[in-house]
Each structure stands twice: as C-alpha cells, then as structure tokens.
Peer 1: 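Before anything else, here's the structure in question.
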Amino acid sequence: MAKKGSLLSFRPDIKVVDATIRDGGLVNDFRFTDEFVKELYRANAAAGIDYMEFGYKASKDIFDENAFGEWKFCEEDSIRRIVGDNDTDMKIAVMADVGRCNYKRDIINKADSAIDLIRVATYINTIPAALKIVEYCHNLGYETTVNIMAISNARETEISEALEMIGNSPADGIYIVDSYGALYMEEIEVLTEKYLETAEKFGKYVGIHAHNNQQLSFANTITALTHGVSYLDATVCGMGRGAGNCASEQLLGFLKNPKYDIIPLLKFMEKQMELIKEQGVEWGYNIPYLLTGQTNRHPRSAISATKEKRTDYLNFYLELNDKD
C-alpha cells in the first residue's frame with residue numbers, strides 16, 4: 001500500500017484527538033481535579049489539539065455515581081464548568097459505550113450542548129446497536145464515529161460486514177481500535193487498507209486508537225498515519241488503561257504541521273502529570289501488559305497482577321495460556 005506524505009511533509013487532513021481524561025480516567029476512576037482538567041483543556045487548545053475527549057456518557061442506572069468521578073458521566077454542566085462556550089478552535093468529544101449508556105435520556109440536542117463529537121464504542125457483535133446510537137446522535141446534530149474495540153479478535157469476514165454497515169450509516173468516521181495492544185505494524189497496514197477502502201467508498205475518515213502493551217502504540221499510530229489514517233488518538237504521557245496509549249508529546253513531536261506546539265503540553269506535564277504520578281496513579285508498559293498483548297488477551301488480568309505487584313512472570317504467562 002502506498003504511503004501518504006513523507007517525514008518532511010504535513011497533511012492538512014490530520015486531526016489529533018486527546019483522550020487523556022477518558023482513557024486516563026480508567027486508571028483513577030475519573031477522579032480528576034478541576035484544576036487538572038482546566039489546565040489540560042488550556043494546554044490542548046494552545047498545543048493545537050483538534051479534539052479533547054472529556055470522558056464517557058455512562059448511565060447512572062448502571063454505574064454507581066459515588067464510585068466514580070464526574071467524567072464517567074460527562075454531564076453538560078460539568079463540561080460547561082471547564083469550557084464555558086468553548087471559544088477555542090478545539091472541539092469537544094465524549095464516548096458513548098454500547099450497552100452502558102442511556103443515550104436517549106443523557107444526550108441532548110447539539111444546539112444546547114458544548115459537545116461536538118460523540119464517539120460510539122462497540123464490539124464487532126454489537127454494531128447494529130452502535131448504529132442506532134449513531135443515527136440518534138447524528139439527527140441531534142453531532143459529529144459521530146464508530147470505534148470498533150478489540151479488533152484484533154475479530155474475523156476478517158466480520159470486519160468486512162461491519163465496515164459495510166458503518167459505511168451505509170451517517171457516521172462521519174470509523175476507528176481502528178487495538179484495545180489489547182496486540183497488533184503489529186504489518187497488521188495495522190492491512191487493517192488501514194481495509195478500513196480506508198470502505199471510508200473512501202462512503203466518504204468517511206478513518207481514525208486509530210492504539211494501546212501500548214508491546215510498546216508499539218506510537219509506531220502503530222504513525223504507521224496508520226503514513227498509510228492514510230487521519231484521526232489520531234493520543235494521551236498526555238500515554239495515560240490510559242493498563243499499558244496506556246500513544247503519548248501526545250511523542251505524536252506532536254513527530255507531526256510536521258506547524259499548528260501543533262509541544263511546549264504547552266510540556267508545561268502541563270511538569271505541573272500536573274508529575275503530581276498525579278506522585279499520588280500513586282499507575283499506568284504504562286510492564287511485563288504483565290506485554291504478555292497479555294502478545295497473547296491477544298484483555299488486560300484485566302495484567303491490571304490485577306500489576307495491582308498485586310506480581311513478579312512471577314512465568315507463572316502469569318502459564319496462567320494466560322491455561323485459560324483456553
């Protein structure tokens with residue numbers, strides 16, 4: 001597949017999506033201070049980030065409001081408290097997770113909301129339900145994407161059928177999501193070609209959300225980028241569930257578009273990210289995450305092993321391979 005652009009060129013179609021609060025919230029139960037969120041919002045806007053994802057539109061009928069911070073639910077008042085009328089060039093995003101949101105109750109008309117983009121997270125077997133959310137949100141005036149999670153576990157025929165269904169929907173974009181950090185660059189190239197074929201046919205864009213279990217989130221992101229993917233997810237310091245994500249500062253240091261500026265992120269990292277690490281919040285590559293990535297497993301067992309500070313790596317590896 002031909003590459004799009006070179007190391008010295010920039011593409012105006014590229015959009016960077018900051019997912020620090022949403023994916024990073026999975027590490028600390030979304031308990032961010034207002035100061036943290038406000039400073040991240042200002043830093044992202046100053047850095048030229050195109051979208052900032054604030055968290056989930058999770059249903060309080062399913063999740064205990066007292067067990068999580070407010071960014072698990074992203075109520076309009078919470079977002080407005082941070083962004084006001086959002087008089088920046090940066091757009092605001094949230095995620096609606098199929099089966100875990102009450103979208104008809106909790107997502108209001110776009111004309112009354114600070115939110116611009118609803119990202120619908122789905123597994124391959126819940127695509128029909130995801131497309132109902134997409135249609136609903138599209139009719140309310142929002143931009144929408146379909147983010148197919150755990151794509152490394154999906155069959156090729158399933159992917160082809162899902163892409164065709166999404167292509168025929170009003171979704172604006174389709175996301176490659178390496179939930180388990182299991183994919184290699186060669187596999188990203190194949191998926192990129194497959195997704196782009198559908199996207200170009202139906203006039204949509206393709207995005208990528210990578211996890212760092214095998215320390216390939218940055219490599220996989222720029223591999224997808226160079227082959228035509230245009231929406232790139234990243235988080236500051238790679239903060240995200242388990243092994244984390246492609247790091248914003250790493251990605252902005254690579255991109256050649258002069259609109260992006262790493263300096264505001266570095267200032268934010270000095271003040272806020274070091275503090276949150278000192279408070280004991282942990283994420284990032286380690287051996288259990290590597291092993292779940294190599295075996296294409298959900299990282300929940302590695303998350304438990306990390307919390308338990310396990311170093312019996314061989315036993316952990318054998319446990320992973322005994323589960324079949």
Side-chain angles (χ1 to χ4, degrees), residues 1 3 16-20 22-24 26-27 121 123-124 147-156 159 175-195 206-227 229 231-255 277 281-324:
M1 182 168 54
K3 290 187 177 181
V16 177
V17 180
D18 170 78
T20 306
R22 202 273 307 164
D23 212 318
L26 296 168
V27 178
Y123 290 105
I124 200 84
N147 296 33
I148 311 175
M149 299 182 291
I151 200 64
S152 57
N153 270 351
R155 299 182 182 91
E156 185 176 353
I159 297 173
Y175 257 82
I176 301 166
V177 185
D178 183 16
S179 302
Y180 302 164
L183 296 174
Y184 296 97
M185 290 178 286
E186 294 83 356
E187 294 169 300
I188 291 293
E189 288 183 8
V190 172
L191 283 171
T192 295
E193 184 171 16
K194 192 174 190 63
Y195 276 58
V206 177
I208 183 167
H209 180 89
H211 276 263
N212 204 38
N213 297 62
Q214 301 188 79
Q215 301 197 89
L216 290 173
S217 59
F218 174 63
N220 284 342
T221 298
I222 64 172
T223 295
L225 157 71
T226 56
H227 288 91
V229 167
Y231 276 56
L232 313 173
D233 279 19
T235 62
V236 179
C237 294
M239 185 181 187
R241 186 199 63 192
N245 308 104
C246 176
S248 303
E249 62 277 11
Q250 199 172 11
L251 182 60
L252 261 59
F254 171 81
L255 296 173
K277 290 177 183 177
V281 180
E282 295 184 15
W283 69 90
Y285 167 85
N286 65 21
I287 300 303
Y289 292 130
L290 167 69
L291 295 175
T292 56
Q294 287 181 340
T295 54
N296 194 18
R297 306 272 184 171
H298 191 288
R300 62 176 63 92
S301 57
I303 292 171
S304 296
T306 300
K307 287 179 178 178
E308 295 165 9
K309 300 189 183 301
R310 288 182 60 176
T311 56
D312 56 331
Y313 302 134
L314 176 56
N315 284 339
F316 181 76
Y317 176 76
L318 293 174
E319 288 170 13
L320 288 175
N321 286 283
D322 281 345
K323 288 185 178 179
D324 289 335

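Just so you know, these numbers come straight off a predicted model, no measurement behind them.
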Peer 1: Over all heavy atoms of both residues, which pair between Glu187 and Ala182 is shortest? Give the atoms and the distance, please.
Peer 2: OE1-O, 4.0 Å
Peer 1: For the atom pair CD1 (Ile176) and OG1 (Thr192), what is the distance rounded to the nearest 0.5 Å?
Peer 2: 4.0 Å
Peer 1: State, yes or no, whether a side-chain contact exists between Asp178 and His211 at a heavy-atom distance under 4.5 Å.
Peer 2: no
Peer 1: List the atom of Gly242, the atom of Ile303, and the distance in Å for their closest heavy-atom pair.
Peer 2: CA-CG1, 4.4 Å
Peer 1: Less than 4.5 Å apart, side chain to side chain, heavy atoms only: is that true for Leu225 and Phe254?
Peer 2: yes
Peer 1: Does the side chain of Val16 reach to within under 4.5 Å of the side chain of Ser248, using non-hydrogen atoms?
Peer 2: no
Peer 1: Regarding Gln214 and Tyr184, is there a side-chain donor-to-acceptor distance under 3.5 Å anywhere?
Peer 2: yes
Peer 1: Is there a side-chain contact between Asn315 and Arg310, using heavy atoms and a 4.5 Å cut-off?
Peer 2: yes
Peer 1: Determine whether a donor-acceptor pair (N or O, by modelled atom type, separation under 3.5 Å) exists between the side chain of Trp283 and the backbone of Cys237.
Peer 2: yes
Peer 1: Give every residue pair that meets the salt bridge (Lys or Arg N to Asp or Glu O under 4.0 Å) criterion with at least one member in residues 212-223, sequence neighbours excluded.
Peer 2: none
Peer 1: Compare all side-chain heavy atoms of Thr295 with those of Asn321 and state whether any distance is below 4.5 angstrom.
Peer 2: yes
Peer 1: Is any side-chain heavy atom of Tyr195 closer than 4.5 Å to a side-chain heavy atom of Ile159?
Peer 2: yes
Peer 1: Tyr231: which residues meet the ring-ring contact (aromatic ring centres under 6.0 Å, His included) condition with it, sequence neighbours left out?
Peer 2: Tyr51, Tyr205
Peer 1: About how many Å separate CG of Leu255 and CD of Gln250, when rounded to the nearest 0.5 Å?
Peer 2: 11.0 Å
Peer 1: Can you name the closest pair of heavy atoms from His209 and Tyr175 and give their distance?
Peer 2: N-CD2, 3.9 Å
Peer 1: For the side chain of Glu249 and the backbone of Val236, is there at least one donor-acceptor N/O pair under 3.5 Å apart?
Peer 2: no
Peer 1: Nearest 0.5 Å, what's the CG-CG distance between Asp233 and Leu251?
Peer 2: 10.0 Å
Peer 1: Would you find more than 12 non-hydrogen atoms of other residues, nucleotides or ligands less than 6.0 Å from Glu156 atom CD?
Peer 2: no
Peer 1: Report the distance from atom OG1 of Thr311 to atom CZ of Phe316, rounding to the nearest 0.5 Å.
Peer 2: 12.5 Å
Peer 1: Can you name the closest pair of heavy atoms from Asp23 and Asn245 and give their distance?
Peer 2: OD2-ND2, 3.2 Å
Peer 1: Kindly give the heavy-atom pair with the smallest separation between Ile188 and Thr223, and that separation in Å.
Peer 2: CG2-CG2, 4.2 Å
Peer 1: Is a donor on one side and an acceptor on the other found under 3.5 Å between the side chain of Ser304 and the backbone of Arg300?
Peer 2: yes
Peer 1: I need the minimum non-hydrogen distance between Ala150 and Tyr123, along with the two atoms involved.
Peer 2: CB-CE2, 3.8 Å
Peer 1: What's the spacing between Ile151 CD1 and Ile124 CD1 if we round to 0.5 Å?
Peer 2: 4.5 Å
Peer 1: Are Tyr285 and Leu290 side-chain neighbours, meaning at least one heavy-atom pair lies under 4.5 Å?
Peer 2: yes
Peer 1: Donor-acceptor pair, Asn147 side chain versus Val177 backbone, under 3.5 Å?
Peer 2: no
Peer 1: For salt bridge (charged side-chain N to carboxylate O under 4.0 Å, His left out), just list the numbers for Arg297 and Glu319, CA-CA rounded to whole Å, side-chain angles, deciding distance to a tenth of an Å, and then say yes or no.
Peer 2: CA-CA 12 Å; Arg297 306 272 184 171; Glu319 288 170 13; over 6 Å; no
Peer 1: Keeping the roles fixed (side chain from Asn212, backbone from Leu216), state whether a donor-acceptor pair exists under 3.5 Å.
Peer 2: yes
Peer 1: At what distance, to the nearest 0.5 angstrom, does CG of Leu320 lie from OG1 of Thr292?
Peer 2: 7.0 Å
